[in-house]
Amino acid sequence: MTPRRCILAVLAAVCILLLLCSHAAPVSPTGTQLLLCQSQERCGDQFYDPRQDCCYDDAVVPLGRTRKCGNCTFRVCFEQCCPWLVNRPQESFVVKVKGQNCYSAVSSDDRVCGRSKPGGSL
């Protein structure tokens, strides 16, 4: 390799390193443009960011969304409301971590919930 090519190769390597190691703020698109390198999930015909939302009952909902489960409240993105088939009518539901089988034995992570008061909803 001639000295001129060596100098060009070194300069090119230095330029690439400077570009890769620069501490400038990243440029992101504004508006509704989709960044393909971002993590995107699909819920029905919508895309959502799983760091902010989840898919519940075919709808995109915020991670903090809650619903009633008997007389308990559960976080729809992380928990599920399961019927509890036990001979205790006052304890009709159990809240389990999402992904667990609703019909598996109750564990220490589960919450047993009583029925809603008359007029309440599930």
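Sequence positions, counted from 1, serve as the residue numbers for this chain. Values below: all heavy atoms of this structure, side chains included; hydrogens, waters and symmetry mates excluded.
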What residues form a side chain to side chain donor-acceptor pair (under 3.5 Å) with Glu79, not counting sequence neighbours?
Arg111
Nearest heavy-atom approach of Gly70 to Phe93 is CA-CD1, 3.6 Å
By side chain to side chain contact (heavy atoms under 4.5 Å, CB included), which residues pair with Pro62, not counting sequence neighbours?
Asp53, Arg65
Identify the heavy atoms of Gln80 and Val97 that sit nearest to each other, and give their distance.
NE2-O, 3.3 Å
To the nearest 0.5 Å, how far apart are NZ in Lys98 and SG in Cys54?
5.0 Å
Where do Phe78 and Leu63 land on the side chain to side chain contact (heavy atoms under 4.5 Å, CB included) test, with the steps shown first?
CA-CA 8 Å; Phe78 306 105; Leu63 289 178; 4.1 Å; yes
Within-4.5 Å side-chain heavy-atom neighbours: Glu41 and Tyr48
yes
Can you find a heavy atom in the side chain of Arg67 that is under 4.5 Å from one in the side chain of Thr73?
no
Stepwise side chain to side chain contact (heavy atoms under 4.5 Å, CB included) check, Val61 with Cys77:
CA-CA 8 Å; Val61 298; Cys77 294; 4.1 Å; yes
Do Cys82 and Tyr103 have side chains that get closer than 4.5 Å, going by heavy atoms?
no
Which pair of non-hydrogen atoms, one from Cys72 and one from Val112, has the smallest distance, and what is that distance?
SG-O, 4.1 Å
What residues, two or more places apart in sequence or in another chain, satisfy side chain to side chain contact (heavy atoms under 4.5 Å, CB included) together with Asp58?
none
Under the side chain to side chain contact (heavy atoms under 4.5 Å, CB included) rule, collect the residues that match up with Asp110, sequence neighbours excluded.
Val94, Lys96, Gln100, Val106, Ser107
Check SG atoms, Cys113 and Cys81, less than 2.5 Å apart
no
Considering all heavy atoms, the nearest Phe47-Arg42 contact:
CZ-NH1, 3.2 Å
Before giving the answer on side chain to side chain contact (heavy atoms under 4.5 Å, CB included), spell out for Ser92 and Trp84 the whole-Å C-alpha distance, their side-chain angles and the decisive distance to 0.1 Å.
CA-CA 5 Å; Ser92 303; Trp84 196 27; 5.9 Å; no
